[in-house]
Amino acid sequence: MQISARGEYAVRAALSLASVYPSLMSAQAIAAEQDMPRKFLEAVLADLRRAGIVRAQRGAEGGYTLAQSPREIMIGSILRAVDGPLAGVRGMRPEETRYDGAAENLPKLWVAVRSAVREVVDETSLADVVSGRLPNHVKKLTTRPDAWEPR
């Protein structure tokens with residue numbers, strides 16, 4: 001799975017908002033805290049607002065806040081809001097792929113990959129990440145001997 005810059009920025013911005021929830025935070029403050037380009041961040045925040053993940057308040061005391069509690073917002077919903085489906089194969093959803101011959105069963109593998117990604121990002125909330133208390137099944141994945149090794 002490749003996480004785009006847009007997806008990473010969206011998650012980092014949402015984590016900043018989760019850390020001050022329910023207070024407001026300006027785009028400028030998020031950009032400074034996370035060392036992000038403000039204009040790019042504003043476009044990402046607009047995507048999150050359209051998806052109903054954040055709310056914007058105008059005015060001198062304005063800024064952004066999460067639309068729900070950080071416990072209720074999963075990382076997967078943020079990634080989908082800015083990048084679309086989590087797993088794709090040449091622009092198709094895994095269940096839409098069809099192959100012949102030796103690759104006939106490959107769609108099952110693509111669906112399993114998507115399911116594995118969902119098991120992590122759809123079951124981990126902003127609150128989990130901010131607190132450092134990841135779900136046990138996610139934490140366990142980080143303790144595998146080769147988890148931190150590049151391949």
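The figures here come from the full heavy-atom set of this structure, side chains too, leaving out hydrogens, waters and symmetry mates.
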**OP:** For residues Leu141 and Val120, report the shortest heavy-atom separation together with the two atoms involved.
**Re:** CD1-CG2, 3.6 Å
Original post:
Does the Arg80 side chain pair with the main chain of Gly76, one donor and one acceptor, at a distance under 3.5 Å?
Top reply: yes
Original post:
How long is the span from the CG atom in Leu41 to the CZ atom in Arg12, to the nearest 0.5 Å?
Top reply: 9.5 Å
Subject >> Salt-bridge present (Arg98, Glu104; N to O < 4.0 Å) >> reply: no
Original post:
Is the shortest heavy-atom distance from the side chain of Pro22 to the side chain of Leu66 under 4.5 Å?
Top reply: no
Original post:
Ignoring hydrogens and geometry, is there a side-chain-to-backbone donor-acceptor pair from Ser115 to Val111 under 3.5 Å?
Top reply: no
**OP:** Examine Phe40 and Leu79 and state if one hydrophobic cluster contains both, with Ile, Leu, Val, Met, Phe, Trp and Tyr joined whenever side-chain heavy atoms are less than 4.5 Å apart.
**Re:** yes
Subject >> Main-chain N/O of Thr142 paired with Trp148 side-chain donor or acceptor, under 3.5 Å >> reply: yes
Subject >> Side chain to side chain, Arg118 and Glu123, heavy atoms closer than 4.5 Å >> reply: no
**OP:** Report yes or no: does Ser19 contribute a side-chain atom to a donor-acceptor pair with the main-chain N or O of Ser16 at less than 3.5 Å?
**Re:** yes
Subject >> Any side-chain heavy-atom pair of Met36 and Val44 under 4.5 Å >> reply: no
**OP:** Check whether any side-chain heavy atom of Asp128 lies under 4.5 Å from a side-chain heavy atom of Val138, and answer yes or no.
**Re:** no
**OP:** Group every Ile, Leu, Val, Met, Phe, Trp and Tyr by side-chain heavy-atom contacts under 4.5 Å, then state whether Val54 and Leu24 land in the same group.
**Re:** no
**OP:** State yes or no: do Met74 and Tyr21 share one hydrophobic cluster built from I, L, V, M, F, W and Y residues joined by side-chain heavy-atom distances below 4.5 Å, directly or via other members?
**Re:** no
Subject >> Gap separating the CG atom of Leu48 from the CZ atom of Arg55, nearest 0.5 angstrom >> reply: 14.0 Å
Subject >> Flag side-chain contact, heavy atom, 4.5 Å: Tyr64 against Met25 >> reply: no
**OP:** Please tell me if the side chains of Lys108 and Asn105 come closer than 4.5 Å, counting only heavy atoms from C-beta onward.
**Re:** yes
Show every donor-acceptor pair shorter than 3.5 Å between a side-chain atom in residues 86-94 and any protein atom, with sequence neighbours excluded, or say none if there are none.
none

Original post:
If two hydrophobic side chains count as joined below 4.5 Å and joins carry through other members, does Leu134 share a cluster with Leu15?
Top reply: yes
Original post:
When you check the side-chain N and O atoms of His137 and Glu119, is any donor under 3.5 Å from an acceptor?
Top reply: no
**OP:** Provide the closest heavy-atom pair for Leu45 versus Ala13 in the form atom of the first, atom of the second, distance.
**Re:** CD2-CB, 4.3 Å
Original post:
With side chains defined as the heavy atoms from C-beta onward, is the minimum distance between Leu106 and Leu109 less than 4.5 Å?
Top reply: yes
Original post:
If we only count heavy atoms from C-beta on, is the Gln28 to Arg38 side-chain gap below 4.5 Å?
Top reply: yes
Original post:
Taking atom CZ of Arg133 and atom NZ of Lys139, what is their separation to the nearest 0.5 Å?
Top reply: 9.0 Å
**OP:** Take Thr65 and Leu17, measure what side chain to side chain contact (heavy atoms under 4.5 Å, CB included) needs, and give me the verdict at the end.
**Re:** CA-CA 6 Å; Thr65 189; Leu17 293 172; 5.6 Å; no
Original post:
Does Arg71 use its side chain to pair, donor to acceptor, with the backbone of Gln68 at less than 3.5 Å?
Top reply: no
Subject >> Flag, side chain of Ser77 to backbone of Ile73, donor-acceptor distance under 3.5 Å >> reply: no
Original post:
Any chain of hydrophobic side-chain contacts (each under 4.5 Å) joining Val20 to Tyr9?
Top reply: yes
